[in-house]
Amino acid sequence: MKKIILTNKPGLYTKMLIRLYDLWISIPNNSKRDYLSFKEVNLKLCRNFTISDAELLNHLRLFEEFGYIEFVKFRGIKLRFKIVK
């Protein structure tokens, strides 16, 4: 699992990863679900950054290439990082 260390002035990608992590920790502990649905991710990130669905998918693919997330087929994404403050 990768770790992200926050700096004083995080960039765009770091802010997106922070928002994804906030969604991830909002999943209840007693839930059997271990992924974020595409709908949740779309609602959170598209509204916060005013980007389209296609742009969001491009960013998610970039995060997948770097190893920060993993796509769950027809479900959503899993996070493969942890934020250290």
Side-chain angles (χ1 to χ4, degrees):
M1 180 160 293
K2 296 182 180 232
K3 292 184 181 178
I4 297 175
I5 300 173
L6 297 179
T7 60
N8 291 337
K9 296 183 180 181
L12 175 68
Y13 293 126
T14 307
K15 287 181 181 181
M16 289 181 98
L17 290 172
I18 290 169
R19 299 274 173 21
L20 280 174
Y21 189 73
D22 289 341
L23 272 175
W24 182 259
I25 59 174
S26 70
I27 297 174
N29 290 336
N30 60 354
S31 175
K32 292 182 181 179
R33 190 177 63 148
D34 61 346
Y35 62 89
L36 293 171
S37 70
F38 286 125
K39 184 177 180 181
E40 289 175 322
V41 174
N42 189 6
L43 287 174
K44 181 75 170 180
L45 294 183
C46 287
R47 285 186 184 173
N48 282 323
F49 295 104
T50 60
I51 58 176
S52 68
D53 296 340
E55 289 175 323
L56 176 64
L57 189 58
N58 287 335
H59 290 301
L60 291 177
R61 286 184 182 146
L62 179 73
F63 293 150
E64 182 187 32
E65 286 181 23
F66 287 132
Y68 290 119
I69 67 169
E70 175 185 333
F71 284 103
V72 179
K73 194 171 187 176
F74 303 118
R75 302 261 185 208
I77 61 171
K78 284 185 181 181
L79 298 188
R80 296 289 175 211
F81 67 93
K82 185 178 183 181
I83 293 186
V84 179
K85 294 182 180 183

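The analysis underlying the following values was restricted to heavy atoms, covering all of them including side chains, and did not include hydrogens, waters or symmetry mates. Because the structure is a prediction, the values reported are computed rather than measured.
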Exercise. Using the ring of each side chain (for Trp, its six-membered ring), is Y68 parallel, tilted or perpendicular to F63, with breaks at 30° and 60°?
Worked result: perpendicular
Problem set entry | Where S52 and C46 come nearest, the two heavy atoms and their spacing | O-SG, 3.9 Å
Exercise. Between N48 and K44, is there a donor-acceptor pair closer than 3.5 Å when you use the side chain of the first and the backbone of the second?
Worked result: yes
Problem set entry | Rounded distance [0.5 Å steps], NZ in K78 versus CD1 in I69 | 12.5 Å
For this session: Inspect the surroundings of NZ in K2 and state if more than 12 heavy atoms from other residues, nucleotides or ligands are less than 6.0 Å away.
Result: yes
Problem set entry | Check: R19 and F49 side chains under 4.5 Å, non-hydrogen atoms | yes
Problem set entry | Pairwise distance CD(E40) to CH2(W24) - rounded to 0.5 angstrom | 10.5 Å
Exercise. Mind checking whether I51 and M16 have side chains closer than 4.5 Å, heavy atoms only?
Worked result: yes
Problem set entry | Straight-line distance of F38 CZ to L57 CG, nearest 0.5 Å | 7.5 Å
Problem set entry | Test item: L36 and I27 side chains (from C-beta on) under 4.5 Å apart, heavy atoms | yes
Exercise. Where is the tightest heavy-atom contact between R33 and S37, given as atom of each residue plus distance?
Worked result: NH1-N, 4.2 Å
Seminar exercise, completed: Value for NE2 (H59) from CG (L62), rounded to nearest 0.5 Å, stands at 8.0 Å
Exercise. How long is the gap from CG on L17 to NZ on K82, to the nearest 0.5 Å?
Worked result: 16.0 Å
For this session: Answer yes if L45 and L43 sit in the same cluster of Ile, Leu, Val, Met, Phe, Trp and Tyr residues linked by side chain heavy atoms under 4.5 Å apart, and no otherwise.
Result: no
Exercise. Between V72, V41, L23, which is the residue that forms a side-chain contact (heavy atoms from CB on, under 4.5 Å) with I77?
Worked result: V41
For this session: Identify the heavy atoms of I25 and D22 that sit nearest to each other, and give their distance.
Result: CG1-O, 3.4 Å
Exercise. Do E70 and Y35 come close enough that some side-chain heavy atom pair is under 4.5 Å?
Worked result: no
